[in-house]
Amino acid sequence: MTEDRIYQQETDRDRFIQDVCENGVLLRSALEHFKKDKEIVMHAVRQNGHALRYADESLKMDKEIVLTAVNQKGTAFQFADSSLKKDKEFILQAIAQNGRAIICIDKSLKTDQKFMEKAVEQYTKCENFD
């Protein structure tokens, strides 16, 4: 059996959770219903923030999932729903979690001087730059 076929049944959910805790990017080859499962996606992004890329679109809008991904890997913010990349308050939270999130904010906000001052201030306070 190939790795892509290991998790073809709902009964394999517990095993998949165990495996995704060790390698979050396994989410890439998961069945769609696993990619929509908040618990599975949360385990995946805790292990590797970039696993957010493979989550269902609905979970890319979930602030808890996105902040967990960003905390693990700041550049995971690039995979968040575009609405979150325009949400000023949320962006500041993301930058507080991981300073590297600042590079993934929506272009339209980069010309907002007041916002960018706040973003840079959050960036300078941040201690996580993974």
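Side-chain contact between Val41 and Phe34: absent, with no pair of heavy atoms (C-beta onward) separated by less than 4.5 Å. Considering only heavy atoms from C-beta on, Ile105 comes within 4.5 Å of Met116 through its side chain. Between Phe115 and Val120, the closest side-chain pair of non-hydrogen atoms is not below 4.5 Å.
Looking only at distances, no side-chain donor or acceptor of Gln72 sits under 3.5 Å from a matching main-chain atom of Ala69. Of the possible polar contacts, none joining the Lys118 side chain to the Leu92 backbone as a donor-acceptor pair under 3.5 Å is found. In terms of modelled atom types and a separation under 3.5 Å, the side chain of Asp87 and the main chain of Phe90 share a donor-acceptor contact. A donor-acceptor pair under 3.5 Å is absent between the side-chain atoms of Lys86 and the main chain of Asp106, judged by distance alone. Between the Lys35 side chain and the Arg28 main chain, a donor and an acceptor come within less than 3.5 Å of each other.
For the atom pair Leu67 CG and Leu84 CG, the distance stands at 8.5 Å (nearest 0.5 Å). In this structure, NZ in Lys38 is found 13.5 Å from CD1 in Ile40, a value given to the nearest 0.5 Å. Note: Phe16 CZ to Cys21 SG = 10.0 Å, rounded to the nearest 0.5 Å. Here Leu31 contributes atom CG and Asp37 contributes atom CG; the two are 11.5 Å apart, rounded to the nearest 0.5 Å. How far OG of Ser83 is from NZ of Lys63: 8.5 Å, rounded to the nearest 0.5 Å. Distance check: Met42 CE to Leu52 CG gives 10.5 Å after rounding to the nearest 0.5 Å.
Taking 4.0 Å as the cut-off between side-chain N and carboxylate O, Glu117 and Lys114 do not count as a salt-bridged pair. Arg13 has a carboxylate O that lies under 4.0 Å from a charged side-chain N of Glu39, or vice versa, which qualifies the two as a salt bridge. Of the charged side-chain nitrogens involved, none lies within less than 4.0 Å of a carboxylate oxygen, so that Glu32 and Lys36 do not count as a salt-bridged pair.
Under the 4.5 Å side-chain heavy-atom criterion for Ile, Leu, Val, Met, Phe, Trp and Tyr, Ile17 and Tyr54 are members of the same hydrophobic cluster. Tyr123 and Leu109 fall within a single hydrophobic cluster, where Ile, Leu, Val, Met, Phe, Trp and Tyr side chains are chained together by heavy-atom contacts under 4.5 Å.
The two atoms that bring Asn98 and Lys73 nearest to each other are ND2-C, 3.9 Å, heavy atoms only. Residues Lys60 and Val66 share a closest heavy-atom pair of O-CG2, 3.4 Å. A pairwise comparison of heavy atoms in Arg100 and Thr75 identifies NH2-CG2, 3.8 Å as the closest pair. Looking at every heavy atom in both residues, Asp56 comes nearest to Ser58 through OD2-OG, 2.6 Å. Contact detail for Cys126 and Gly99: the closest heavy-atom pair is SG-N, 3.2 Å.
Legend: side-chain hydrogen bond (donor to acceptor under 3.5 Å, both in side chains) pairs involving residues 40-49, not counting sequence neighbours: none detected.
Qualifying side-chain contact (heavy atoms from CB on, under 4.5 Å) partners for Ala101, counting only residues two or more places apart in sequence or in other chains: Val70, Phe77, Ala94, Ile95.
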